[in-house]
Amino acid sequence: GNQNLPVAVTCTFYVLRMISTNSTVPLTGGLLMDYVARNERGRWGSLDSLVKASWSGSAFIGGFMVHAYGIYSVFFVTLVAQIIATIP
């Protein structure tokens with residue numbers, strides 16, 4: 001009954017979020033292959049794959065940090081990394 005409605009709404013919004021977040025992946029790959037010279041596509045394609053795979057490594061490190069130091073340490077490290085990333 002009504003108890004499942006919040007779960008259904010939450011799942012719907014989660015799916016929509018994941019669709020919008022991941023919808024750029026094929027577009028980025030297509031643009032990469034369109035604008036990179038044929039003889040360099042393998043190199044840039046493998047670099048793109050490495051960047052995508054780094055997300056799983058960062059999740060592992062984040063999980064370790066939460067377990068060892070607490071959730072606030074992860075937010076602090078993210079804050080520092082975001083600030084450093086904005087420095088020209």
Side-chain angles (χ1 to χ4, degrees):
N2 289 338
Q3 193 174 17
N4 290 335
L5 182 62
V7 173
V9 171
T10 302
C11 288
T12 301
F13 279 112
Y14 178 76
V15 168
L16 290 173
R17 177 191 169 272
M18 294 306 293
I19 289 171
S20 64
T21 302
N22 294 324
S23 65
T24 61
V25 173
L27 294 172
T28 306
L31 285 171
L32 179 68
M33 294 304 147
D34 281 346
Y35 289 100
V36 171
R38 284 186 187 265
N39 61 341
E40 294 184 5
R41 286 183 183 170
R43 182 179 313 151
W44 286 100
S46 58
L47 180 63
D48 187 43
S49 296
L50 183 64
V51 168
K52 290 174 189 169
S54 69
W55 283 101
S56 61
S58 66
F60 174 77
I61 292 169
F64 172 77
M65 286 181 64
V66 167
H67 181 70
Y69 305 108
I71 189 72
Y72 293 109
S73 66
V74 177
F75 284 114
F76 180 74
V77 169
T78 303
L79 171 72
V80 171
Q82 293 286 338
I83 291 172
I84 291 171
T86 60
I87 298 172

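Please read these numbers as outputs of a predicted model, since none were measured by experiment.
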Can you list the other members of the hydrophobic cluster that holds Ile19, where links are side-chain heavy atoms under 4.5 angstrom apart?
-> Val15
Is Leu47 reachable from Leu32 through a run of hydrophobic residues whose side-chain heavy atoms are each under 4.5 Å from the next?
-> yes
Say you draw a straight line from CG of Asn22 to CG of Leu27; how long is it, rounded to the nearest 0.5 Å?
-> 11.5 Å
Just how far is it from atom OG1 of Thr28 to atom CE of Met33, taken to the nearest 0.5 Å?
-> 11.0 Å
Remaining members of Met18's ILVMFWY cluster at a side-chain heavy-atom cut-off under 4.5 Å?
-> Tyr14
Val36, Leu31: one ILVMFWY side-chain cluster at the under-4.5 Å cut-off?
-> no
Separation of Thr21 OG1 from Leu16 CG (nearest 0.5 Å) | 10.5 Å
Are Ile84 and Phe76 connected, step by step, through hydrophobic side chains (Ile, Leu, Val, Met, Phe, Trp, Tyr) whose heavy atoms are closer than 4.5 Å?
-> yes
Side chain proximity check, Ser46 to Leu50, heavy atoms < 4.5 angstrom | no
Side-chain contact, heavy-atom cut-off 4.5 Å: Trp44 with Asp48?
-> no
Which residue pairs satisfy the salt bridge (charged side-chain N to carboxylate O under 4.0 Å, His left out) criterion with at least one member in residues 15-43, sequence neighbours excluded?
-> none
Do Val77 and Ile71 belong to the same hydrophobic cluster, where Ile, Leu, Val, Met, Phe, Trp and Tyr are linked whenever their side-chain heavy atoms lie under 4.5 Å apart, directly or via other members?
-> yes
